[in-house]
Amino acid sequence: MYRSNTCGELNIKHVSATVTLSGWVQRVRAMGGMTFIDLRDRYGLTQLVFNMDTDAGLCERANKLGREYVIQVTGTVTERSSKNPNIPTGEIEITVTELNILSESETPPFIIDNDTDGNEELRLKYRYLDIRRPVLRDTLIKRAMIIRAVREYLDGKDFMEVETPNLIKSTPEGARDFLVPSRLQHGSFYALPQSPQILKQLLMVAGMDRYYQIVKCFRDEDFRGDRQPEFSQIDCEMSFVHQEDIFEIFGGLVQHVFKKILNYDLPNLQRLKYDDAIRLYGSDKPDLRFHCPIIELNEVLPQADFPVFNNAVASGGLVAGLNAKGCAAYTRKQLDELTEFVKATHRGLGGLVNIRFNEDGTVKSSVDKFYTEEQLREIGKAFNAEKGDMLLIAADKTSKVRKALGDLRLELGKRNNWIDPAKWSVLWIVDFPLFEKDEESGEITFAHHPFCSPHLDDMKYFDTDPTRVRAQTYDMVMNGNEILSGSIRIYQRDIQEKVFRNLGLTDEDRDKKFGFMLNAFKYGAPPHGGCAFGLDRLVMLMTGGETIRDVIAFPKTSGGRDLMMDAPTPVDTKQLNELGIQVKLTEK
Ligand code: ASP
């Protein structure tokens with residue numbers, strides 16, 4: 001028997017028991033005639049004590065143990081004289097009588113504790129050591145608990161888990177496919193699923209009624225932001241449902257998981273229309289832990305000769321702003337920083353106008369030359385401006401102003417600590433557009449994926465004004481992060497064909513790519529809909545992680561590399577020959 005108990009289990013109730021523990025040496029402290037060792041395993045930390053007076057030989061052996069040695073000890077549970085209230089085992093220690101080294105360890109390349117000296121690159125290379133650190137260990141434990149709670153909820157609602165294959169044909173989600181060459185059919189490739197979207201829809205055609213799967217998805221995207229080329233989804237689909245049913249079931253799912261894992265009572269989720277989210281917060285994933293909406297001014301601007309505002313209005317653009325509450329006393333430097341923030345290339349504003357409602361009752365602005373104090377106060381009314389507030393106003397193309405002010409809103413929230421970390425904002429965004437126009441090419445593409453059902457009321461715009469067609473698509477947004485997307489699907493073959501046509505697919509292309517799906521729809525497809533949660537992001541938010549790498553056992557770097565296994569790497573010619581592949585290296 002390697003152990004009678006774990007290192008997280010023993011407490012004052014066990015005093016006098018003889019126990020055997022196994023684990024890793026976290027720390028050895030030789031003090032006078034005593035040696036203390038912290039022994040660690042997944043469950044916690046237990047203090048071991050060796051006494052020179054009682055067994056000098058054993059104590060000397062203990063002194064020679066190095067960090068991360070794996071040892072087995074037998075001894076008696078003893079009450080500690082100086083207790084540690086911070087850990088569950090802090091009232092006891094094990095007075096060791098037997099010590100057995102199971103495995104030695106080289107000096108680890110970084111300190112294995114929450115406070116570590118290892119940078120992320122080093123820790124990813126030695127991820128198995130990184131996972132020994134309590135923070136990461138606890139996150140993985142939480143992740144497993146979250147998955148268990150998800151399964152418990154869905155199983156209780158008659159969802160059944162069905163596995164779907166990874167070697168398939170392309171399922172479009174708007175990213176590039178990872179391809180796997182076929183050895184048996186040279187020149188042919190499988191695609192790894194960007195999601196099991198088509199397969200879960202076919203499971204509905206197959207009559208499975210309620211499906212879910214905790215599943216890996218693969219998207220070969222450029223590594224912008226916090227993304228991983230493979231990530232996990234809680235993928236779900238249901239038959240004979242409307243949007244309302246989905247909101248109830250999956251709103252209920254997050255409520256269940258929050259209660260179970262965080263003991264937090266999440267209220268029923270509010271809904272916000274996509275158009276309103278963009279108009280009010282400049283984002284389809286607004287963080288509503290604080291308010292500060294975008295206020296549009298085109299209709300209320302007083303008459304004046306300020307060309308920046310006047311031109312924006314005249315050219316069909318937008319003049320809008322934010323009320324930075326309590327920021328009237330911002331310094332020149334702080335204001336400059338905010339201006340630089342909105343001028344960054346990806347936001348592209350020319351600058352910001354500020355109007356300050358000072359504590360002394362005066363109103364000052366960067367456009368005093370153009371507007372009278374009376375007029376500035378008039379503008380202030382649109383923002384409910386009070387003493388101490390500062391308005392930040394932008395004018396440009398509508399989409400640019402909304403995006404930049406949306407970002408600025410978040411920046412102000414961060415700078416001013418407007419976000420209460422104990423608060424949660426979880427809501428549905430509904431009524432997304434079905435199609436989007438690519439800003440550069442002007443081409444119509446799908447906004448989510450090509451299987452989302454249009455709002456049937458909007459079918460009248462389908463041919464004439466397709467970007468006006470709303471989809472029965474929804475996202476769930478948590479603290480400003482999209483954590484779920486889904487839709488009611490098209491189950492009518494004719495509508496699906498129409499969508500493909502609008503996306504510019506020729507009949508031939510369509511049949512080549514999706515013929516098997518359209519075929520299935522010939523044999524009785526039920527109305528159906530579903531969604532997928534981004535599991536990694538959900539776990540990240542629920543565990544307070546900063547990136548999804550923090551909640552994945554073996555993540556890749558932001559450049560897509562697995563530093564531990566060293567992948568991707570070139571393969572030998574023999575393997576390539578078997579696959580009928582010749583590598584042609586081009587300069588990048
Ligand atoms: N397949 C979709 C996605 O990965 C989710 C869904 O529509 O169910 O975003």
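Counting starts at 1 for both ligands and their atoms, following the listed order.
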**Student:** Holding to salt bridge (Lys or Arg N to Asp or Glu O under 4.0 Å), I want the full list of residues that pass it with Lys273, two or more places apart in sequence or in another chain.
**Tutor:** none

**Student:** Report yes or no: is the cationic atom of Arg468 (NZ for Lys, CZ for Arg) under 6.0 Å from the centre of the six-membered ring of Tyr461, at an angle within 45° of the ring normal?
**Tutor:** yes

**Student:** Any idea which residues sit under 4.0 Å from ligand 1, heavy-atom distances?
**Tutor:** Glu173, Ser195, Gln197, Lys200, Arg219, Gln233, His448, His449, Ser485, Gly486, Arg489, Gly530, Cys531, Ala532

**Student:** Are Tyr212 and Phe533 an aromatic pair by the rule of ring centers under 6.0 Å?
**Tutor:** no

**Student:** I want to know whether Phe247 and Tyr474 have ring centres closer than 6.0 Å.
**Tutor:** yes

**Student:** Over 60° means perpendicular and under 30° means parallel, so tell me whether Tyr128 and Tyr126 are parallel, tilted or perpendicular.
**Tutor:** perpendicular

**Student:** Scan Asp465, Asp275, Asp431 and name whichever one has a salt bridge (charged side-chain N to carboxylate O under 4.0 Å, His left out) with Arg470.
**Tutor:** Asp431

